[in-house]
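Residues: numbered from 1 along the sequence shown.
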Amino acid sequence: MESCTGGQLASWLSMLPGSSKSFFGGYVVYTSEAKAGFLGVQTSQPTSADTAIRLARALPRKDVRVSVVGNLGPSCEPGSPKGSVTVCLITEKAEKLLVKKLNHGRIRNRWISGYWVLNVLAREVQ
């Protein structure tokens, strides 16, 4: 489930040869309305850790479920610091919440977020 990365992770994962054997698919739920409509998660703080957890838990049960939310800038909302990215990763072994603070421009923050999440996933599935 992607919010701030806007489908970038699904795009990158699906470029890998043989990805259809392990990549089920995903959701891009960029707005609060999309989070509620697609996954049933109502929130007034779309980029919070609580929202990341609730979104990951709302995904279909698979070996790995991941949600990524954040505010990549340039604007800020209350409770959503600019450059803050939160990932909730659920596997059979554990549920993890990770937060990364970035302080680049929006586009660079998005790329760095994507690489960071893929790195987290790679470490978890080994």
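Taking hydrophobic clusters as Ile, Leu, Val, Met, Phe, Trp and Tyr residues chained together by side-chain heavy-atom distances below 4.5 Å, Val99 does not share a cluster with Val120. Leu9 and Phe24 are not part of a single hydrophobic cluster, where members link through side-chain heavy atoms under 4.5 Å apart. Under the 4.5 Å side-chain contact rule for hydrophobic residues, Val87 and Leu97 do not share a cluster. Side-chain heavy atoms closer than 4.5 Å link hydrophobic residues (I, L, V, M, F, W, Y) into clusters, and following such links, even through other members, never connects Val66 to Val41. Cluster annotation: Leu72 and Leu118 are assigned to the same hydrophobic cluster (Ile/Leu/Val/Met/Phe/Trp/Tyr, side-chain heavy-atom contacts under 4.5 Å, transitive).
By the neighbour-count criterion of 12 heavy atoms within 6.0 Å, atom CZ of Phe23 is densely surrounded, having more than that number from other residues, nucleotides or ligands.
Listed by first and then second residue, the salt bridge (charged side-chain N to carboxylate O under 4.0 Å, His left out) pairs involving residues 114-126 are Lys96-Glu124 (not counting sequence neighbours). Sorted by first and then second residue, the salt bridge (charged side-chain N to carboxylate O under 4.0 Å, His left out) pairs involving residues 26-52 (not counting sequence neighbours) are Asp50-Arg54.
In terms of heavy atoms, Gly7 sits closest to Val28 at CA-CG2, 3.5 Å. Nearest heavy atoms, Ser67 versus Ala52: OG-O, 2.6 Å. Shown here for Thr86 and Ala49, the closest heavy-atom pair between the two residues is CG2-CA, 3.9 Å. Of all non-hydrogen atoms in Pro74 and Arg106, the two that sit nearest each other are CD-CD, 4.2 Å. Looking at every heavy atom in both residues, Gln45 comes nearest to Thr43 through N-OG1, 2.9 Å.
Here the CZ-OG distance, from Arg110 to Ser113, works out to 9.5 Å after rounding to the nearest 0.5 Å. Rounding to the nearest 0.5 Å gives a distance of 10.0 Å between CD of Glu92 and CZ of Arg65. Taken from CG in Asn109 to CG in Asn103, the straight-line distance is 7.5 Å, to the nearest 0.5 Å.
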Side chain to side chain contact (heavy atoms under 4.5 Å, CB included) between Cys4 and Val68, intermediate numbers included: CA-CA 7 Å; Cys4 64; Val68 55; 4.1 Å; yes
Derivation and outcome, side chain to side chain contact (heavy atoms under 4.5 Å, CB included), residues Met1 and Val69: CA-CA 9 Å; Met1 187 300 305; Val69 300; 3.9 Å; yes
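Between Tyr27 and Leu59, the closest side-chain pair of non-hydrogen atoms falls below 4.5 Å. Under the 4.5 Å side-chain criterion, counting only non-hydrogen atoms from C-beta, Cys88 is in contact with Ile53. Side-chain contact check for Leu102 versus Trp116: every heavy-atom pair is 4.5 Å or farther apart. The shortest side-chain heavy-atom distance between Asn71 and Ser84 does not fall under the 4.5 Å cut-off.
In this structure, the side chain of Glu2 does not engage the main chain of Gly26 through any donor-acceptor pair within 3.5 Å. Checked by atom type and distance alone, the side chain of Thr51 never pairs as donor or acceptor with a backbone atom of Thr47 at under 3.5 Å. When atom types are taken as modelled, the side chain of Thr5 and the backbone of Gln8 share no donor-acceptor pair closer than 3.5 angstrom. At least one donor-acceptor pair closer than 3.5 Å links the side chain of Lys101 to the backbone N or O of Lys82.
Scanning for ring-ring contact (aromatic ring centres under 6.0 Å, His included) contacts around Tyr115 gives Trp12, with sequence neighbours left out. Legend: residues meeting salt bridge (charged side-chain N to carboxylate O under 4.0 Å, His left out) with Arg57, ordered by chain and number and at least two apart, are Glu95. In terms of the side chain to side chain contact (heavy atoms under 4.5 Å, CB included) criterion, Pro17 has no residue partners (sequence neighbours excluded). With sequence neighbours excluded, the residues that form a side chain to side chain contact (heavy atoms under 4.5 Å, CB included) with Ala36 are Gln42.
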